[in-house]
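Working notes, beginning with the structure itself.
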Amino acid sequence: MNEESDKYNSFGIFSSTDFGLIKGNIKNKIVPIIKYKNVKQMCGGNSSVLVLTQSNEIHYLQSSKDYKVERGLKEENSTFIKIAHSYYNGLALTQSGLVYSIGNNNSYNQLPLKTFVNLSNSKMYLSEWFVEKNIKVRDIICTSVNNYFLSYDNVLYGNGLNTEFQLGNNQTGNIQEPVKVAENVEKCFGSPYANHNFYTNYDDQLVALGRNTSGFLGIGHNRPITKQEVIQEIKGSSVKRVSLPTGSSFVLLKTGKVLVCPAGNLAMGSKKMNFQPLHGFENKDINFIDIASGSSGTVLLTDQNEFYAHNFGSNSMVKLDSQIVPKHLDYQLSSSNTAVFIFPNKRINNDSDFAVLLKEKKFSDYELKNFNIKIHKSFVECRLNKMPIEEIEQVLNLFNDKKKINTFLEWVYSGIIGSYAVVKEVCEKLGITNFANKSFSDDLLLLYNDEDSKNFNLLVKMDEDEIDSDELDEENIEDSFLEIPVHKYILYARSGLFREMFDQIQEKANSVTDYSGKTIESLELLVKYFYTSNIEMTADYDPVLIADELSDAVDYYQLNEYCNLPYLLKKLKK
């Protein structure tokens, strides 16, 4: 890796159009993305690219223009957790389950909107259909001229072209309003140039939909399909990702191996229209962890941050020169029609900061004895509707399955549903019916307001004008502090600085001093932010002063670099 590449956090492999993202006209090699240095996600279609930045901004690049996309609903400020792009348009998904459409090309009735008057590339538009039906979406997937929406109820919806069974039903033509494709769906997969897609379900199946030219659905023939086809030789639970370049399909297994169909020069064997192991890698000790495809080709990423590409300058699968990519970071892949993008695989929301508490057991104060799992009593109670921990433990004991309880607790601590079926089963036993839409921020606000369970103080040195000199002698003035009550484990989860400080003080210490020199007002707001991921102002505060004072908080307190604090402070200044 050279020093120049270290300035950028994302990279690309381009076969043609680069949208001004890179320097020079370099094709079929890994090059740094110079236009943006804070990429969270990237994806694209035929003539446009979407970029989601770490500060929660979305840029839409088309025809050499860079549009900073404004959200349509001003009151909806949830963090974006994913973007996706079809051949023509983009989608954005918020943490609260809302879907926005980006772009103005309604070819094939692909935009999931009700009105199409004066659509602008610099604005995004809420898909009202899901709001009206109270459907919360947890994932968005795009193929060439179709969009797919996976709800928290595990129902897969889709819209767009349906001439070749892309939507899994017998309606033909172009379908504007999203229709139900399948139920009990775990994951869905697509690529921006494909007219077919795959999904896995909780019946342990891999299911194919759409165009079957050349037999690339992997069902043994190349005839058009008239029903959703189950891939018999591949279990759904074994699939990590499916990627769909022009004329073929790749399945990345959780074992790190890759299957491809049709066979062609990438696989051996007589069953050319069934999935076969990627030729040349059957017995190699290479563990692939991600894959992405455009119309031009496919790129595979290994757990050693090495990259292999097909059709980027070669008809065979070749290893790319990846010296420019830092080896100490984890990466993920996405694509447009003419490029594959490489960007950091980081946590997508602030809530997952708390997962470290379950992993490291730091400052835990309660043990689930049947499972030998240490937890944080007040945290778990607030996440589970203030149910007493003894009652929670009684319900969990009914399962007698430590793996299942760990999966459930991962959702409690991070908000991320690793297994919908498991979380739903446990929550139903606990009487929690809204778990899929449960607000992490609201639950942590309950914890913030639970003064009785706070066991720690953040000490803030008082300014001389805040001290009543009649009550203190001159010697004690220098030792005067204000206290901000807080849960010790909240500081540990949120701040690298406090984690370092806790390593240097006694385990039973009940306070730590903040030496930043910030005012008590700004630190009180910051502590509340540690709980809720929000900055809530009252008329007593000057928003500009608070924003200025906390402007260095991400670096000083060593917060998650992908947190939304800079975005919130920027809003305060406005």
Measure from the side-chain N and O atoms of S495 to the backbone N and O of Y557, and report whether any donor-acceptor pair falls under 3.5 Å.
yes
So, D450 and S453: side-chain donor and acceptor under 3.5 Å apart, yes or no?
yes
If you draw the axis of the six-membered ring of F80, does the NZ or CZ of K40 fall within 45° of it and under 6.0 Å from the ring centre?
no
To the nearest 0.5 Å, how far apart are CD1 in I392 and NZ in K377?
9.0 Å
Sub-4.5 Å side-chain heavy-atom contact between I375 and L368:
yes
Mind checking what makes salt bridge (Lys or Arg N to Asp or Glu O under 4.0 Å) contact with D514, not counting sequence neighbours?
none
Within the structure provided, determine whether R383 and W411 are in side-chain contact (heavy-atom separation under 4.5 Å).
yes
Check the pair I141, N197 against side-chain contact (heavy atoms from CB on, under 4.5 Å), reporting the backbone distance first and the verdict last.
CA-CA 9 Å; I141 304 94; N197 77 308; 6.0 Å; no
Minimum side-chain heavy-atom gap L300-T302 below 4.5 Å:
no
Output yes when a side-chain donor or acceptor of S238 lies under 3.5 Å from a complementary backbone atom of I234, and no otherwise.
no
Carefully, step by step, assess I405 and I373 under the rule side-chain contact (heavy atoms from CB on, under 4.5 Å).
CA-CA 9 Å; I405 298 306; I373 298 175; 4.2 Å; yes
At their closest point, which heavy atom of G517 faces which heavy atom of E549, and how far apart are they?
O-OE2, 4.5 Å
Distance-only donor-acceptor check, side chains Y492 and E360, under 3.5 Å:
yes
For Y413 and H376, does a side-chain donor sit closer than 3.5 Å to a side-chain acceptor?
yes
Heavy-atom nearest pair, Y331 first then L301, reads O-CD2, 3.3 Å
To the nearest 0.5 angstrom, please state how far the CZ atom of F11 sits from the CD1 atom of I342.
7.5 Å
Between the OG1 atom in T298 and the CG atom in L278, the distance rounded to the nearest 0.5 Å is 10.0 Å
With F149 as partner, the option from Y157, Y199, F130, W129 fulfilling ring pair (Phe, Tyr, Trp, His ring centres under 6.0 Å) is F130
With a 4.5 Å limit on heavy-atom distance, are the side chains of L209 and V181 in contact?
yes
Has K82 got more than 12 heavy atoms of other residues, nucleotides or ligands less than 6.0 Å from its NZ?
yes
If only atom types and distance count, is the side chain of S322 paired as donor or acceptor with the main-chain N or O of V325 below 3.5 Å?
no
Residues R494 and D353 bridged, charged N to O under 4.0 Å:
yes
Tell me if the CG atom of N400 is crowded by more than 12 foreign heavy atoms within 6.0 Å.
no
Determine yes or no for a side-chain-to-main-chain donor-acceptor pair under 3.5 angstrom, with E483 supplying the side chain and N457 the backbone.
no
Please find the pair of heavy atoms, one from T532 and one from S441, that lie closest to each other, and give the distance.
O-OG, 3.0 Å
Under 3.5 Å donor-acceptor, S249 side chain and L244 backbone:
no
Within the 4.5 Å heavy-atom criterion, are L358 and E410 side-chain neighbours or not?
yes
Can you check whether I291's main-chain N or O pairs, donor with acceptor, with R241's side chain at less than 3.5 Å?
yes
So, N184 versus N201: side-chain donor-acceptor pair below 3.5 Å or not?
no
Heavy-atom closest pair (A208 atom, I231 atom, distance to 0.1 Å) is CB-CD1, 4.1 Å
Mind checking whether N154 and R138 have side chains closer than 4.5 Å, heavy atoms only?
yes
So V460 and I484, do their side chains get closer than 4.5 Å, heavy atoms only?
yes
Short N-O contact, E425 and K429, less than 4.0 angstrom:
no
Could you report the tightest heavy-atom contact between S10 and Y36, atom names first, then the distance?
OG-O, 4.2 Å
Tell me, with the steps shown, if F288 and Y308 meet ring pair (Phe, Tyr, Trp, His ring centres under 6.0 Å).
CA-CA 10 Å; F288 292 111; Y308 290 80; 5.8 Å; yes
May I ask you to say whether K240 pairs ionically with D290, meaning some side-chain N is under 4.0 Å from a carboxylate O?
no
Between L91 and Y100, is a side-chain contact (heavy atoms from CB on, under 4.5 Å) present by the stated rule, with each step listed?
CA-CA 6 Å; L91 297 175; Y100 287 86; over 6 Å; no
Nearest 0.5 Å, please: how far is CG in L482 from CD in E524?
8.0 Å
Begin from the C-alpha positions of F408 and F399 and carry the test ring pair (Phe, Tyr, Trp, His ring centres under 6.0 Å) through to its verdict.
CA-CA 11 Å; F408 169 72; F399 291 91; 8.2 Å; no
Could you list the residues that satisfy side chain to side chain donor-acceptor pair (under 3.5 Å) with E132, not counting sequence neighbours?
K114
Going by distance alone, is a donor N or O of one side chain under 3.5 Å from an acceptor N or O of the other, for S364 and Y489?
no
Could you tell me which residues satisfy salt bridge (Lys or Arg N to Asp or Glu O under 4.0 Å) with D552, sequence neighbours excluded, listed by chain and number?
K518
The test is ring pair (Phe, Tyr, Trp, His ring centres under 6.0 Å); show your working for F379 and F354 and say whether it passes.
CA-CA 10 Å; F379 185 95; F354 299 109; 5.5 Å; yes
Report yes or no: is the cationic atom of K528 (NZ for Lys, CZ for Arg) closer than 6.0 Å to the six-membered ring centre of Y531, at no more than 45° off its axis?
no
d(D203 CG, T200 OG1) to nearest 0.5 Å is 10.5 Å
Show the numbers, then the answer: is there a side-chain contact (heavy atoms from CB on, under 4.5 Å) between V185 and V155?
CA-CA 6 Å; V185 175; V155 178; over 6 Å; no
Quick one: does V239's side chain get under 4.5 Å of F189's, heavy atoms only?
yes
Side-chain donor-acceptor pair under 3.5 Å between N287 and D303, yes or no?
yes
Quick test of your reading of the model: are E393 and K369 salt-bridged, counting only N-O distances below 4.0 Å?
no
Under 3.5 Å donor-acceptor, Q41 side chain and L52 backbone:
no
Between NZ of K488 and CG of L458, what distance do you get to the nearest 0.5 Å?
12.5 Å
Is it the case that over 12 heavy atoms from other parts of the model lie below 6.0 angstrom from the NZ atom of K402?
yes
Taking K254 for its side chain and S237 for its backbone only, find out whether a donor-acceptor pair lies under 3.5 Å.
yes
List the atom of S335, the atom of F341, and the distance in Å for their closest heavy-atom pair.
C-CE1, 4.0 Å
